[in-house]
Amino acid sequence: MREKIIDALQSALKQARQKGQLRTDSLPAVTLDLPKRPEWGDLASTVAMSLASSEQRSPQDVARIILENVDQREVLFDRVEIAHPGFLNMTVKRALWLEVLPQIEEQGEAYGRADFGKGRRVLVEYVSANPTGPLHVGHGRGAAVGQAISNLLAAAGYDVLKEYYINDAGRQMKLLGASVYARYQELCGRPASFPEEGYRGAYIETVAGHVRDRVGTTLLDSPADQAEQRCRDQAYEELLGLIRQDLRLFGIEFDSWFSEASLASSGGVEQVLEELRKRDLLFEQDGALWFRSSAFGDEKDRVVRKQEGEYTYLASDIAYHRDKLRRGYDLLIDVWGADHHGYIPRMEAVVQAYGYPKDRLRVVLVQMVNLMRGGRKVEMSKRAGEFITMRELIDEVGADATKFFFLMRRSDTHLDFDLELAKQQSAENPVYYVQYAHARISSLFRVAEERGIPVPKPRETDLDVLTHPDEFGLIRKLSAYPSVVHASAAALEPHRITFYLQELAGLLHTFYFKHRIMPPAADLEAPDAERFVKDADASTRQREQVTPGLTAARLTLMRQVQRVIRNGLGLLGVSAPDRM
RNA sequence: GCGCCCGUAGCUCAGUUGGAUAGAGCCCCAGCCUUCUAAGCUGGUUGUCGCAGGUUCGAUUCCUGCCGGGCGCACCA
């Protein structure tokens, strides 16, 4: 539907140019907006205004020219007006709007998908938490955002790979091993000094206990290095397992788990740095090895190998991103905690250092989550080991609500997560509000089936009986869905879907309340429908009579609303229940 | 000090490449279930879009300065 209008305007522009009425040689992309007020029609375009300055004539003149060149005006529009200062306000033919319904039905799951990704390959990396402990709430938000962005890009026609980068090398892992080893010794009755910056969570003791279960006290007699290594391996395996389990519970999936250690062990770091050296982007100073990142806009150069000869974290990250680039992705997306934002210029420098454009990498920042209970912030301190894990959060409020809440705000703004609200089963809870809309529609079809009310295909239904403004409100909203998905994917902003779904659900609930889809059950037994119509004053609710034709058409409409809600929730990774 | 992000209704936030009279939810108040799911609906109140300039036919949106908040400025990860 929208495509038809856009095409029509676009060819009008072309025609006008051919006739010499417009002189610009670059025609702008035609976009359609939803006007705020009904008297402005049901679609609006601002092309004329955006062309006005380059044409050096008034927006109204340009609008008039465009309008003159629209073929088939009578077929497409009931009315087109030029409004001040140059809006094209269009009232589209009813038949065109109605066409949206069979389209959704036919496209089904694919409705809303686009192909602007054109099969380009994108790698989305997210979560990537160190396997040194359970996932916390912040990781959860990153997981929800990363997954939703992946889904969006897939819907936009990209070929998506979801990857988890396992930081299984370096100091943190050593500390982890040392922490477990210390606890292990304590469990075995030998006093041990705990590493200063070690991991103090209770799960460390659990792991230590498992080590002892497996090997008894034999590690006490092994050299400390070996013993620590053993503890580290055990901890790694267990904690990564926990992370995987939590993610599975949360409904987050990855196609690929990439190990940092595998880079180092395969000599990848040296090799990759050698490439930089050849490009004269590495230099030695003060006994350390530096990456000339300032050549690409970073504020200063960065150390990749310390004086002591150890590689920095950046070195692995260079190797990792080099690897991702080498794997041939057209776009890399990194989902990071917002506290790493200072790292962005560095990584952009890396991408450019290897000869790729800066925008080959897009970093999505995810801000902190404040858990709120009863209007008060739940204090968390990582130092004291007092933080709510992702697992606890999911156990308390459920995976669906958790994801939805994480995706309700732009990811780069702080999020206040109201635990009580997320659990509440009421209209105040946006998750249930949207899911309930879906469940209500499912229920309609169950009832229809029970009563033997036919549910024909849209193409076999006379949709022309849909004339009520509320019906068109829904249809218009449905028709906007693909452009919402498109914009959301292009901006890497899943929250737009969340907002859209709340609006659509709102329209559905209002519609459901105000209108009848099927005749009341009582009519079947006692077909004196009058009693439902007589005292229409008592309530505005559902007093209208419906003919079988209207029932069929409205069921069709409901079917498509349900479809779009399901597709939208699917993008967010939230389930669309049939019963609640 | 330098850099990045943010500042929109009492609260939490949207605001679609710069568009028309800036929206939603929460909170508060008053109503609505004999019917297809009340996990729902209807109505009511709310704004110097942080401040001051600039660009523009038009600015919440772009630019500059200032104020306020957050984060980052490691040979940590």
Side-chain angles (χ1 to χ4, degrees), chain A residues 28-29 31 33-37 40 44 46 49-50 52-53 58-59 83-87 89 130 132 167 170-172 197 286-290 299-300 302-308 310-314 316-317 337-345 365 367-368 372 375 408-410 412-416 418 421 424-433 435-437 439-448 451 480 483-484 487-488 490-491 493 495-496 498-499 502-503 506 508-523 532 538-543 558 579-580:
Chain A
T31 55
D33 300 313
L34 297 179
K36 289 176 194 160
R37 315 187 57 168
W40 293 335
T46 58
M49 289 183 280
S50 55
S53 65
S58 77
H84 186 80
F87 287 97
N89 287 343
N130 295 348
T132 53
N167 297 126
R171 207 175 88 91
Q172 299 307 315
E197 287 172 274
D286 307 328
L289 191 62
W290 298 70
E299 58 186 10
K300 52 176 282 197
R302 309 289 174 176
V303 170
V304 292
R305 196 180 61 214
K306 308 177 205 170
Q307 285 177 339
E308 312 91 75
E310 213 178 314
Y311 286 108
T312 62
Y313 184 82
L314 176 62
S316 321
D317 252 357
D339 52 341
H340 289 67
H341 69 79
Y343 211 75
I344 295 175
L365 296 177
Q367 265 291 3
M368 259 175 50
M372 311 287 284
M408 275 197 312
R409 304 273 176 262
R410 268 208 354 242
D412 62 350
T413 62
H414 286 262
L415 172 70
D416 285 337
D418 188 331
L421 177 62
Q424 207 169 310
Q425 303 197 340
S426 73
E428 279 76 62
N429 186 341
V431 192
Y432 290 107
Y433 187 77
Q435 288 183 317
Y436 185 52
R440 268 185 148 175
I441 297 174
S442 296
S443 172
L444 284 175
F445 287 102
R446 277 196 299 274
V447 171
R451 296 200 202 152
S483 65
V484 173
S488 187
E493 289 181 352
H495 75 275
R496 299 190 191 199
T498 320
F499 273 85
Q502 290 182 76
E503 289 160 7
L508 182 276
H509 285 309
T510 298
F511 185 85
Y512 185 95
F513 182 85
K514 278 171 70 178
H515 302 286
R516 282 235 131 237
I517 286 101
M518 293 171 284
D523 284 11
F532 294 110
S539 161
T540 54
R541 188 183 185 193
Q542 300 179 354
R543 297 294 172 185
M558 291 298 108
R579 287 173 205 274
M580 289 174 75

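This is a predicted model, so every value here is computed, not measured. Quick note: numbers below take in every heavy atom, side chains included, and nothing from hydrogens, waters or symmetry partners. Throughout, protein chains are lettered first and strands after them, A, B, ... in sequence-line order, and every chain is numbered starting at 1.
- The C1' atoms of B:rG44 and B:rC27 are separated by 14 Å, rounded to the nearest whole Å.
- If you take NZ of A:Lys514 and P of B:rC33, they are 17 Å apart, rounded to a whole angstrom.
- The A:Met49 side chain lies nearest to B:rG19 when the options are B:rU17, B:rC75, B:rG19.
- Here the side chain of A:Gln502 pairs no donor or acceptor atom with the backbone of A:Pro430 at under 3.5 angstrom.
- Put simply, the side chain of A:Asp33 never gets that close to the backbone of A:Pro35: no donor and acceptor are under 3.5 Å apart.
- Nucleotide B:rA77 holds its C1' atom 10 Å from the CG atom of A:Asp339, rounded to whole Å.
- Spacing of P atoms, B:rU60 relative to B:rU48, comes out at 14 Å, to the nearest Å.
- Not one side-chain nitrogen or oxygen of A:Tyr343 sits closer than 4.0 Å to the OP1 or OP2 atom of B:rA74.
- Judged by distance alone, with hydrogens and angles left aside, the side-chain atoms of A:Arg410 form no donor-acceptor pair with the main-chain N or O of A:Asp412 at under 3.5 Å.
- Among the atoms of the strands shown, base atoms are found under 4.0 Å from some heavy atom of A:Asn89.
- Taking the P atom of each, B:rG69 and B:rA59 are spaced 30 Å apart, rounded to whole Å.
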Heavy-atom protein contacts under 4.0 Å, nucleotides 2-12 of chain B, coded B base, S sugar-phosphate only, - none: -BB-S-----B

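- A donor-acceptor pair is defined here as one N or O able to donate and one able to accept, closer than 3.5 Å; no such pair exists between the side chain of A:Ser443 and the backbone of A:Ala439.
- Checking B:rU16, B:rC75, B:rA77 against every side-chain atom of A:Glu308, the shortest atom distance belongs to B:rC75.
- Distance noted for atom P between B:rC13 and B:rC29: 24 Å (whole Å).
- The distance between atom CZ of A:Phe499 and atom P of B:rA14, rounded to the nearest whole Å, is 6 Å.
- For A:Arg440 and B:rA38, the shortest distance from a side-chain N or O to OP1 or OP2 is below 4.0 Å.
- Note on ring orientation: taking the six-membered ring where Trp is involved, the planes of A:Phe499 and A:His495 are perpendicular (angle over 60°, cut-offs 30° and 60°).
- In this structure, A:His509 forms no aromatic stack with the base of B:rA39, since the conditions of centre separation below 5.5 Å and plane angle below 30° are not both met.
- Between A:Tyr313 and A:Ser443, the residue anchored nearer the 5' end of RNA chain B, judged by the nucleotide with its closest heavy atom, is A:Ser443.
- In secondary-structure terms, RNA chain B builds stems of at least 3 consecutive Watson-Crick or G-U pairs, each pair having both distances under 3.5 Å, at B:1-7 with B:67-73, B:10-13 with B:23-26, B:28-32 with B:40-44, B:50-54 with B:62-66.
- The nucleotide whose nearest atom lies closest to any side-chain atom of A:Arg579 is, among B:rC13, B:rU37, B:rC36, B:rU37.
- Across every non-hydrogen atom of A:His341 and A:Pro345, the tightest pair is O-CD, 3.9 Å.
- The residue A:Ala44 sits close to a base: some heavy atom pair falls under 4.0 Å.
- B:rC32 atom P lies 11 Å from atom CZ of A:Phe513, rounded to whole Å.
- Heavy atoms of A:Arg496 sit under 4.0 angstrom from primed sugar atoms or phosphate atoms, though from no base atom.
- Between A:Glu493 and A:Arg409 there is no salt bridge, since no side-chain nitrogen of the basic residue lies less than 4.0 Å from a carboxylate oxygen of the acidic one.
- On the C1' atoms, B:rC51 is 15 Å away from B:rU8, given to the nearest whole Å.
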field: Working for side-chain contact (heavy atoms from CB on, under 4.5 Å), residues A:Tyr313 and A:Asp317
entry: CA-CA 6 Å; A:Tyr313 184 82; A:Asp317 252 357; 3.2 Å; yes

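- At whole-Å resolution of the value, CH2 in A:Trp40 and P in B:rA20 are 7 Å apart.
- On a pure distance criterion of 3.5 Å, no polar donor-acceptor pair joins the side chain of A:Asp33 and the base of B:rA20.
- In the set B:rU37, B:rC36, B:rA77, the nucleotide with an atom closest to the side chain of A:Tyr436 is B:rU37.
- The closest donor-acceptor contact from the side chain of A:Ser488 to the backbone of A:Arg496 lies at 3.5 Å or more, if one exists at all.
- Rounded to an integer number of Å, the gap from CG of A:Asn429 to P of B:rA24 is 20 Å.
- Its glycosidic angle being within 90° of 0, B:rC33 falls on the syn side.
- Among the heavy atoms of the strands, none lies under 4.0 Å from A:Asp418.
- In this structure, the CD atom of A:Gln502 is 8 Å from the C1' atom of B:rA24, given to the nearest Å.
- At a threshold of 4.0 angstrom between heavy atoms, the contacts of A:Ala439 include nucleobase atoms, whether or not backbone atoms are also involved.
- Between the A:His340 side chain and the A:Leu365 main chain, no donor and acceptor come within less than 3.5 Å of each other.
- When rounded to the nearest whole Å, the span between CD of A:Glu310 and C1' of B:rA74 equals 14 Å.
- Aromatic stacking of A:Phe87 on B:rA20: satisfied, with centres closer than 5.5 Å and planes within an angle under 30 degrees.
- Along RNA chain B, the nucleotide closest to A:Leu444 and the one closest to A:Ala288 are compared, and the more 5′ of them pairs with A:Leu444.
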